[in-house]
Undergrad: 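Structure in structure tokens, see below.
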Amino acid sequence: MSPADLRLTGSWLARHGLPDASPTPLLATRLAVRRRARLADQVAIAVLIMVAALAQAGDRLATSAFGGFQPHRSAPLLILAAVMAGLLLVRSLLDWWVRRVDRRAGAALSRRAAHPVQPGWRAVLGRPFATLALATFAGALVLAVSALTIQDDAVRHAASVLLIGLAGVGAGVVVHLRELLARPVVAEDEVSLTADVIMRIEDAREVAVPAVLWALPVVLLFGSAPGWWNVASLLFMFAGLAACAAIHARTPSSAAVARRVMGVR
């Protein structure tokens, strides 16, 4: 374990109201793998947005070269579907990596603490973040379906790409949240037990805010869709950002929720 990881662990403990706790190798190992997995997940989502934009741009270039009368090719949709499958695979591998590191860290403990109650989705995620996630998917679905009703082949093709993206991101969120709720507790004392719940809550809150769905409609369709759709996509994006900021500001911190779950003052 590098000194930098231990230093970052100490900063994490201080930010979460545990300044007197020592940055143990167990916590440093678990936090380090989560930082790296989170970075890899963000890179995968960025790749998804770029591939979706390139697939749409390539199809527009192909059709415009024939005056707009060339049929839309199925290749971009197949490529995006393959990228979606790859994104799901990457997320599954990242989850497996985090679980593997947790298991190895837990197996090395001389003693192991456990909480008698496994936190459920209300404690780990909370109603506000669950509502935000459902509203985000519902809004993106409405935008995609409404674009399919527009009598323009280019717009309908982009809407199909958006639906594929929506399905892929939704499946990834469900898989990740399911894994978080089933993940076994890894702790050696009360501090690491509280930290385990905090990490679980933070992971769930990040997964439940699929910011990629705010960007995909604008990336794929803005400018080619009618004016009312462009306005709706912008309102959807800004409303999502505002709702996310408001929920973060008004919802108790992950440390406060973890203490309530643990019954710690």
Side-chain angles (χ1 to χ4, degrees), residues 1-45 87-126 129-130 133 171-210 253-264:
M1 183 56 56
S2 68
D5 287 333
L6 290 173
R7 185 169 58 254
L8 290 172
T9 301
S11 300
W12 186 90
L13 289 169
R15 288 197 309 271
H16 292 82
L18 300 168
D20 299 328
S22 300
T24 62
L26 171 67
L27 289 177
T29 299
R30 300 189 69 199
L31 289 172
V33 71
R34 279 162 175 77
R35 283 194 302 271
R36 290 160 188 147
R38 188 173 293 118
L39 176 61
D41 185 61
Q42 291 169 350
V43 170
I45 291 176
L87 177 63
L88 289 177
L89 177 61
V90 167
R91 283 193 159 177
S92 298
L93 290 175
L94 290 174
D95 289 339
W96 173 83
W97 181 33
V98 172
R99 289 196 305 270
R100 181 171 176 268
V101 171
D102 281 350
R103 284 197 302 268
R104 292 178 63 181
L109 296 177
S110 57
R111 61 193 181 102
R112 190 161 181 167
H115 194 262
V117 178
Q118 183 82 359
W121 73 268
R122 287 185 178 87
V124 172
L125 182 59
F129 284 94
V173 169
V174 170
V175 169
H176 203 152
L177 286 177
R178 182 176 176 274
E179 188 276 329
L180 281 174
L181 293 174
R183 181 182 297 168
V185 173
V186 178
E188 57 188 340
D189 52 24
E190 185 177 334
V191 171
S192 58
L193 192 56
T194 304
D196 182 276
V197 180
I198 292 174
M199 283 186 272
R200 200 180 299 255
I201 294 170
E202 288 184 338
D203 289 347
R205 288 181 175 183
E206 183 169 347
V207 172
V209 184
S253 67
S254 56
V257 175
R259 286 189 175 86
R260 185 166 64 239
V261 172
M262 297 288 299
V264 178

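Positions are given from 1 along the sequence.
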Undergrad: Does Arg35 have any salt bridge (Lys or Arg N to Asp or Glu O under 4.0 Å) partners at least two apart in sequence or in another chain, and if so, which?
TA: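 Testing Arg35 for salt bridge (Lys or Arg N to Asp or Glu O under 4.0 Å), a comparison that skips the adjacent residues, returns Asp5.
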
Undergrad: For the atom pair CG (Leu18) and OG1 (Thr9), what is the distance rounded to the nearest 0.5 Å?
TA: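 Here the rounded value is 12.5 Å.
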
Undergrad: For Asp95, what residues pass the salt bridge (Lys or Arg N to Asp or Glu O under 4.0 Å) criterion, not counting sequence neighbours?
TA: none

Undergrad: Verify side chain to side chain contact (heavy atoms under 4.5 Å, CB included) between Leu89 and Leu93, making sure each step is shown before the conclusion.
TA: CA-CA 6 Å; Leu89 177 61; Leu93 290 175; 4.1 Å; yes

Undergrad: Could you report the tightest heavy-atom contact between Pro23 and Gly10, atom names first, then the distance?
TA: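 Nearest heavy atoms, Pro23 then Gly10: CB-N, 3.8 Å.
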
Undergrad: Return the CD1 to CD distance between Ile201 and Glu206, rounded to the nearest 0.5 Å.
TA: 14.0 Å

Undergrad: Does Trp121 reach the side chain of Leu181, with side-chain heavy atoms less than 4.5 Å apart?
TA: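 Of all side-chain heavy-atom pairs linking Leu181 with Trp121, at least one is under 4.5 Å.
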
Undergrad: What pair of heavy atoms forms the shortest contact from Leu27 to Met199, and how long is it?
TA: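 Closest heavy-atom pair between Leu27 and Met199: CD2-CE, 4.2 Å.
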
Undergrad: Say you draw a straight line from CG of Leu94 to CZ of Arg36; how long is it, rounded to the nearest 0.5 Å?
TA: 13.0 Å

Undergrad: Ile198 and Ala258: which non-hydrogen atoms are nearest, and at how many Å?
TA: CG1-CB, 3.4 Å

Undergrad: Side chains of Thr29 and Val33: closer than 4.5 Å at any heavy-atom pair?
TA: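 When only atoms from C-beta onward are counted, Val33 and Thr29 do not touch, as no gap falls below 4.5 Å.
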
Undergrad: Please name the pair of heavy atoms, one in Ala204 and one in Leu125, separated by the smallest distance, quoted to 0.1 Å.
TA: O-CD1, 3.6 Å

Undergrad: Quick one: closest heavy-atom pair of Ala37 and Val98, and the distance?
TA: CB-CG2, 3.9 Å

Undergrad: Looking at every non-hydrogen atom in both residues, tell me the closest pair between Arg200 and Leu180 and how far apart they are.
TA: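 Heavy atoms only, the tightest pair is NH1-O, 3.0 Å.
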
Undergrad: Drop me the distance from Arg15's CZ to Ser254's OG, to the nearest 0.5 angstrom.
TA: 10.0 Å

Undergrad: Side chains of His16 and Thr194: closer than 4.5 Å at any heavy-atom pair?
TA: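 With C-beta onward as the side chain, the pair stays apart.
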
Undergrad: Please round to the nearest 0.5 Å and tell me the distance separating atom CG of Leu8 and atom CG of Leu13.
TA: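 These two atoms lie 11.0 Å from each other.
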
Undergrad: Charged N to carboxylate O below 4.0 Å: is that the case for Arg34 and Asp102?
TA: yes

